[in-house]
Amino acid sequence: MRNRIFIKLLAAFALVIAAASVMFDFSVHHAWIGVLLAFVVALVASGITARSVARRLQRIVLFADRVGAGDLAARIEEPSGDEIGQVATSLDNTAHRLEESFAALKGSQRQLETLLNSMQDAVIAVSADDRVQWANLTMDRLVPQHTRKNAPLVETVRDPDFLAAVRGASEARRVFTARAASIVPGRTFDVTAAPMPGGGAVAVLRDLTETERVEKTRRDFIANVSHELRTPLTSIQGYTETLLDSAPDNNHSREFLDIIRKSALRMSRLTEDLLTLARVESGEQRFDIQPSAPAELLQEAVQSFRELARAQNVDLKVEDNAVAQVGADPEAIHQVFSNLVDNALKYAHSGGRIVLGTRQIPDGVEFYVQDFGPGIPSEHLPRLFERFYRVDKARSRESGGTGLGLAIAKHIVLAHRGTIRAQSELNHGSTFLFTLPSA
C-alpha cells in the first residue's frame with residue numbers, strides 16, 4: 001500500500017515538473033532534463049521498493065519451506081500491515097494452529113499407544129500391502145524375532161490361519177476370526193482381524209492356552225466320571241428289574257424298587273448325554289459331512305416321532321421350502337431334530353401340532369421346529385442352550401429331561417459351521433431354528 005502511494009507521488013512530481021516547464025516557459029531542453037530526473041528518481045525508488053518486497057517474499061518462502069519440512073514451530077515476524085504483511089500474518093497463524101493440532105494429535109497417539117501397550121492381548125496393525133505398521137509390546141514379546149515396522153507380515157507371523165484372517169479383513173473389509181496354533185509352540189490364540197479405515201487391518205490375539213487347558217480338564221473329568229458311572233448304573237438297573245420280577249404285587253418294596261429303577265434309568269440317560277456332549281465339544285466325535293437334501297432330513301425326523309406324536313394327540317406337519325442341498329452328517333442332524341422335537345413334545349404338546357420346516361437363506365438352509373404351546377419368557381431365551389439350564393425345573397424332572405439336549409444340539413450345529421437360536425412369545429409357542437451351509 002505505502003509502496004504504491006510512494007510511486008504515485010513520484011509520478012505526480014514528474015507531472016509537476018513538466019507543468020512548471022510549460023508555465024514558466026522553460027526551454028524544451030530543460031523540460032526533458034526535469035522529466036528525466038524524475039524518471040531516474042522514480043526508477044531508483046522502484047528498485048529499492050522491489051528489493052524490499054523481494055526480501056519480504058523470500059522470508060515468507062523460507063518460512064513456508066520450514067513448515068513444509070515439518071518445523072511447525074517456525075514463525076515469521078511481519079509488522080507491516082500491507083497485503084504482503086497480511087499474507088505473512090495469515091501464514092503465521094496457520095502454522096500456529098497446525099502446531100497446536102499436531103501436538104494434540106501426538107498426545108492422543110501417545111495415550112493410545114500407552115493403552116494398547118498395557119493390554120495383555122497382542123495387537124498388530126498391517127498396511128494394505130501386508131506390511132507391519134505398528135505392534136504393541138505384548139505382540140513384540142510374543143514372537144521370537146520381534147516385530148519390525150514396514151517389514152512384511154509373513155516375516156513376523158507365519159501361521160497360515162492368522163495370515164488368512166488378516167488378508168481377508170483387509171480385502172473383504174469385514175471382521176474375520178480364526179484360531180492360530182503355530183504362532184508360538186504349545187500355545188493357542190483366538191484371532192480377531194478388523195479392517196482399518198485407511199486400508200489394511202488390525203488384528204488382536206487373545207491367548208486361549210490356559211482356558212483350553214481348563215476346559216479340556218473339565219471335559220475329561222466329565223467324560224471319565226460318566227464312563228465310570230455306566231457300569232454300576234447298568235448293574236443297579238439289572239438287579240432292580242430282577243427284584244421287581246420276583247416281588248409280590250402288593251408289597252411295598254415293589255414301589256421302592258420301581259423308584260430305584262427310574263432313578264437309575266434317569267442317571268443312565270444323564271451319563272450318556274454327558275459323554276455325547278463331551279465328545280462333541282472336544283472334537284473327538286467326527287462327523288461324516290456330505291451333501292444332503294433338506295427334505296430327506298425332515299422326513300427322517302418326522303418318521304421317528306410320528307407314532308409318539310400320535311399317541312399324545314399331536315399333529316406333525318412339514319413345510320419344506322428349500323431346494324439346495326446342505327453339507328450335513330445325517331445321523332448327527334437327526335439327533336438335533338430328535339432333541340428339538342422331543343423338547344417340543346414334552347413342553348408344548350398342549351398346542352396340538354408341531355411344524356418342521358426349511359427355508360432358503362443366502363449360503364445355506366434354515367431349519368425350524370415350531371410348536372404352539374405356552375411359549376418361553378424372553379429372559380430365558382439367551383440361556384436356553386446352556387448345560388443343565390431349565391426354564392421349569394420341576395416339570396423337566398417329571399418328564400425325565402437331563403437339561404443337556406439343547407446344549408448337544410448347539411454343539412452339533414456349530415460343528416457343521418451353522419448357527420442355532422430360539423424365538424418365543426408367551427402363549428404363542430416357540431420356534432427353534434438352526435442353519436446349515438450349502439453343500
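Note that the coordinates shown come from a computational prediction; the quantities given were computed from them, not determined experimentally.
- In this structure, Leu297 and Val326 have side chains that are in contact, with non-hydrogen atoms separated by less than 4.5 Å.
- By the 4.5 Å heavy-atom criterion applied to side chains, Leu153 and Ile124 are counted as neighbours.
- Here the options are Ile333, Val336, Ile361, Thr419, the test is side chain to side chain contact (heavy atoms under 4.5 Å, CB included), and the partner is Leu436; only Ile333 passes.
- Under the 3.5 Å distance criterion, the side-chain polar atoms of Thr138 are left unmatched by any main-chain donor or acceptor of Ala122.
- Judged as a ring-ring contact (aromatic ring centres under 6.0 Å, His included), the pairs with a partner in residues 406-438 (not counting sequence neighbours) are, in order, Phe287-His416, Phe337-Phe434, Phe367-Phe434.
- Annotation: side-chain hydrogen bond (donor to acceptor under 3.5 Å, both in side chains) contacts of Arg383 (sequence neighbours excluded): Glu386.
- Remark: the backbone N or O of Val204 is not paired with any side-chain donor or acceptor of Asp121 at under 3.5 angstrom.
- Cation-pi geometry between Arg174 and Phe176 is satisfied (NZ or CZ under 6.0 Å from the ring centre, within 45° of the ring normal).
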Walk me through it: do Gln237 and Ser268 pass the test side chain to side chain donor-acceptor pair (under 3.5 Å)? CA-CA 9 Å; Gln237 282 181 264; Ser268 295; 2.8 Å; yes
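- Asp140 and Thr147 share a donor-acceptor pair across their side chains, judged by distance under 3.5 Å alone.
- Checked by atom type and distance alone, the side chain of Asn224 pairs as donor or acceptor with a backbone atom of Asp220 at under 3.5 Å.
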**OP:** Begin from the C-alpha positions of Phe189 and Arg187 and carry the test side-chain contact (heavy atoms from CB on, under 4.5 Å) through to its verdict.
**Re:** CA-CA 7 Å; Phe189 295 89; Arg187 297 171 66 180; 3.9 Å; yes
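- The main-chain N or O of Gln290 is found under 3.5 Å from a side-chain atom of Ser292 such that the two form a donor-acceptor pair.
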Report the C-alpha separation of Asp342 and Lys346 in whole Å, then their side-chain angles, then the decisive distance to 0.1 Å, and conclude whether the salt bridge (Lys or Arg N to Asp or Glu O under 4.0 Å) test is met.
CA-CA 6 Å; Asp342 183 60; Lys346 287 178 181 177; 3.1 Å; yes
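- Under the 3.5 Å distance criterion, with hydrogens and angles disregarded, a donor-acceptor pair is assigned to the side chains of Arg421 and Gln423.
- The pair Glu319-Arg359 does not meet the salt-bridge criterion, since no charged nitrogen lies less than 4.0 angstrom from a carboxylate oxygen.
- Taking the side-chain hydrogen bond (donor to acceptor under 3.5 Å, both in side chains) definition, one finds that Ser263 meets it with nothing, sequence neighbours left out.
- Residues forming a side-chain hydrogen bond (donor to acceptor under 3.5 Å, both in side chains) with Arg261 (at least two apart in sequence, or on another chain): Asp258.
- Every salt bridge (Lys or Arg N to Asp or Glu O under 4.0 Å) that Arg213 has, sequence neighbours left out, goes to Glu210.
- Scanning for salt bridge (Lys or Arg N to Asp or Glu O under 4.0 Å) contacts around Asp159 gives an empty result, with sequence neighbours left out.
- Within 6.0 Å of CD on Glu296 lie no more than 12 heavy atoms contributed by other residues, nucleotides or ligands.
- A donor-acceptor pair shorter than 3.5 Å cannot be found between the side chains of Thr209 and Thr188.
- With salt bridges taken as basic N to acidic carboxylate O contacts below 4.0 Å, none links Asp161 and Arg179.
- Although no hydrogens or angles enter the test, the distance criterion places no donor-acceptor pair under 3.5 Å between the side chain of Thr358 and the main chain of Pro294.
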